[in-house]
2 protein chains.
Amino acid sequence: MLIDRNLSNIKIARRAASLVITRASLGRLPLYHHYLASSADKGIHQMSSSAIGRGLNCVPVQVRKDLQYTGVIGKPGLGYSVDELLRAIESFLGWNNVNEAFLAGAGNLGTALLGHEGFSKFGLHIVGAFDTDPDKIGRSVHGREVMPLHKMGDLAWRMSIHLGIVTTPAEVAQVVADEMVKGGIEAIWNFADVQLVLPKHIVVHNEDLYSSLAPLFRKLSR
Amino acid sequence: MLIDRNLSNIKIARRAASLVITRASLGRLPLYHHYLASSADKGIHQMSSSAIGRGLNCVPVQVRKDLQYTGVIGKPGLGYSVDELLRAIESFLGWNNVNEAFLAGAGNLGTALLGHEGFSKFGLHIVGAFDTDPDKIGRSVHGREVMPLHKMGDLAWRMSIHLGIVTTPAEVAQVVADEMVKGGIEAIWNFADVQLVLPKHIVVHNEDLYSSLAPLFRKLSR
DNA sequence: TAGATTGTTAATCGATTAACAATC
DNA sequence: TAGATTGTTAATCGATTAACAATC
């Protein structure tokens, strides 16, 4: 029995160490969390991969493969512990850490993100907003004062901010992102309609709204 | 010469007919358009696939493959006509059509999308906004009056609206989407944090912000 | 024990990239 | 013509899915 335990621990350790999560699986983990959380609210504490797959429109084997990355072990014949999965996903995605971010561009979209209260549940705190528009600077947007853009880099450095959100017009997004990188920012969430070109070690997610719209538009024009 | 022309026309026709664009390529076409448009602004009228690839951080062969779907033929040794590509991408993506949409959920994000003027350049016109909050109903948001949600389905039907945008809280998103489908809507752009389950013939794009954030957060927690 | 469901290997599918003849 | 770049086939890579022994 003791030997069994040890063997199975080694197995877990080896697996967790050797497997690197794919981009695709990583993006699905939040979806599992959404669905599992709403199931937990309904008092469901145990779920099989096929039950989860039904809720998310995907096949059980994909659910099992994705969930393996979290390190949670399911029980054959029974399924997974919903609460264990929720905690594991949260910790895997770093939702328990406090992730402080700066946002550049306090326009419509920037304002909306500043006002999105849901983020704080996942550890995302937008602690500074920046713009170049004199009419906006000094104003408070959803409780945060808009500061002049040229102060962003320095301040990011001094406050050890590592996440930047770009909601500026496309024309200035690259310059703003470069400024963020100079300020020590390591990950950028970009809503401007440009592909940012940045050093390899910076992680960028380009949130191109028109890429998302493309399949929808194509459907409509037929 | 005449024979050559005919042969090459047949080739084009066959190619356009047989190839169905992949989801991945479709999503990249808007990125090409962004970059080509900004190049055209700088007076550049001819570009090679490697020049385009440099601007978008991708390899020339991918550019060539993606651009083939638009039907544009490049000139060996020279490259592509920027203006021809721009027009071809616009027509391929249906950006020349008027695409009218209804939006449900006039919160922060909904308001931002209603105020996003850029959309109209691509044929997207959000012509109606809906909410259940009595404080919001009747108010004007970026020039459009917010209407009660229960009127959405009927109105979509009568106005032949085929595109729906969901910016409601996650809890009601599924119900709202079902209502859209009843109203004849065929494509749904969903910003709520749920995977909508809808009939096969409805095209849905789930714009899950937390999926986008996942790789960024992961980078930060290391 | 029997039924259900897991974890994992191997097969398939789709998307990216390398290689190169065709051609401006 | 020579150099550059195209369009396309074949090879590779990555992600999804089928199959099944292990096990609760």
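Everything quoted here is computed from the prediction, not taken from an experiment. Lettering of chains follows the sequences in order, A, B, ..., and the numbering in each one begins at 1.
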Quiz prompt | Member of B:Thr70, B:Ile73, B:Leu67 meeting the side chain to side chain contact (heavy atoms under 4.5 Å, CB included) criterion with B:Tyr80 | solution =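 With B:Tyr80 as partner, B:Thr70, B:Ile73, B:Leu67 yield a single side chain to side chain contact (heavy atoms under 4.5 Å, CB included), made by B:Leu67.
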
Quiz item: Within the distance-only criterion (no hydrogens, no angle test), does the side chain of B:Thr167 pair as donor or acceptor with the backbone N or O of B:Gly105 below 3.5 angstrom?
Solution: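 Confirmed, B:Thr167 side chain pairs with B:Gly105 backbone.
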
Quiz prompt | Sidechain-backbone polar pair: B:Asn99 side chain, B:Gly94 backbone, donor-acceptor under 3.5 Å | solution =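 Checking the backbone N and O of B:Gly94 against the side chain of B:Asn99, a donor-acceptor pair under 3.5 Å is found.
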
Quiz item: Do the ring planes of B:His116 and A:Tyr210 sit parallel (below 30°), tilted (30 to 60°) or perpendicular (above 60°)?
Solution: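 B:His116 vs A:Tyr210 ring planes: tilted.
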
Between [options], spot the one nearest the side chain of [X], thanks.
{"X": "B:Gln62", "options": "C:dA10, D:dT6, C:dT16", "value": "C:dT16"}
{"X": "A:Tyr80", "options": "C:dG7, D:dG7, D:dC24", "value": "C:dG7"}
{"X": "A:Lys65", "options": "C:dT23, D:dT23, C:dA10", "value": "C:dA10"}
{"X": "B:Arg64", "options": "C:dT17, C:dA10, D:dT6", "value": "D:dT6"}

Can you measure [X] atom [atom1] to [N] atom [atom2] for me and round it to whole angstrom units?
{"X": "A:Glu84", "N": "C:dT6", "atom1": "CD", "atom2": "P", "answer": "13 Å"}
{"X": "A:Ile21", "N": "D:dG14", "atom1": "CD1", "atom2": "P", "answer": "16 Å"}
{"X": "A:Lys75", "N": "C:dG3", "atom1": "NZ", "atom2": "P", "answer": "22 Å"}
{"X": "B:Asp66", "N": "D:dT8", "atom1": "CG", "atom2": "P", "answer": "14 Å"}
{"X": "B:Leu67", "N": "D:dG7", "atom1": "CG", "atom2": "C1'", "answer": "12 Å"}
{"X": "B:Gln68", "N": "C:dT17", "atom1": "CD", "atom2": "C1'", "answer": "14 Å"}

Quiz item: Which residue, A:Ala24 or A:Leu78, contacts DNA chain D at a nucleotide closer to its 5' end, judged by nearest heavy atom?
Solution: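 Whichever sits nearer the 5' end wins; that is A:Ala24.
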
Exercise. By nearest nucleotide on DNA chain D, pick out whichever of A:Val59 and B:Gly74 is the more 5' one.
Key: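 Result: B:Gly74.
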
Quiz item: Within the structure shown, what part of the strands sits under 4.0 Å from B:Val61 by heavy-atom distance: base, sugar-phosphate, or nothing?
Solution: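 Result for B:Val61 = base.
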
Quiz item: When we call it a touch if two heavy atoms are under 4.0 Å apart, what does A:Ser49 touch: a base, just sugar-phosphate, or nothing?
Solution: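 Since only primed, P, OP1 and OP2 atoms lie under 4.0 Å of A:Ser49, the category is sugar-phosphate.
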
Exercise. Under a 3.5 Å limit for both distances, which nucleotide forms a Watson-Crick or G-U wobble pair with C:dT12, could you say?
Key: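 Partner of C:dT12: D:dA15.
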
Quiz item: Can you tell me the Watson-Crick or wobble partner of D:dC20, both distances under 3.5 angstrom?
Solution: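 The answer is C:dG7, by the H-bond criterion.
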
Quiz item: Just to confirm, is there a sub-4.0 Å distance from OP1 or OP2 of C:dA4 to any side-chain nitrogen or oxygen of A:Ser48?
Solution: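 Answer is no, no contact under 4.0 Å.
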
Quiz prompt | Closest non-hydrogen atom pair between A:Ser49 and A:Val63, with its separation | solution =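 What the structure gives for the nearest pair is O-CG2, 3.7 Å.
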
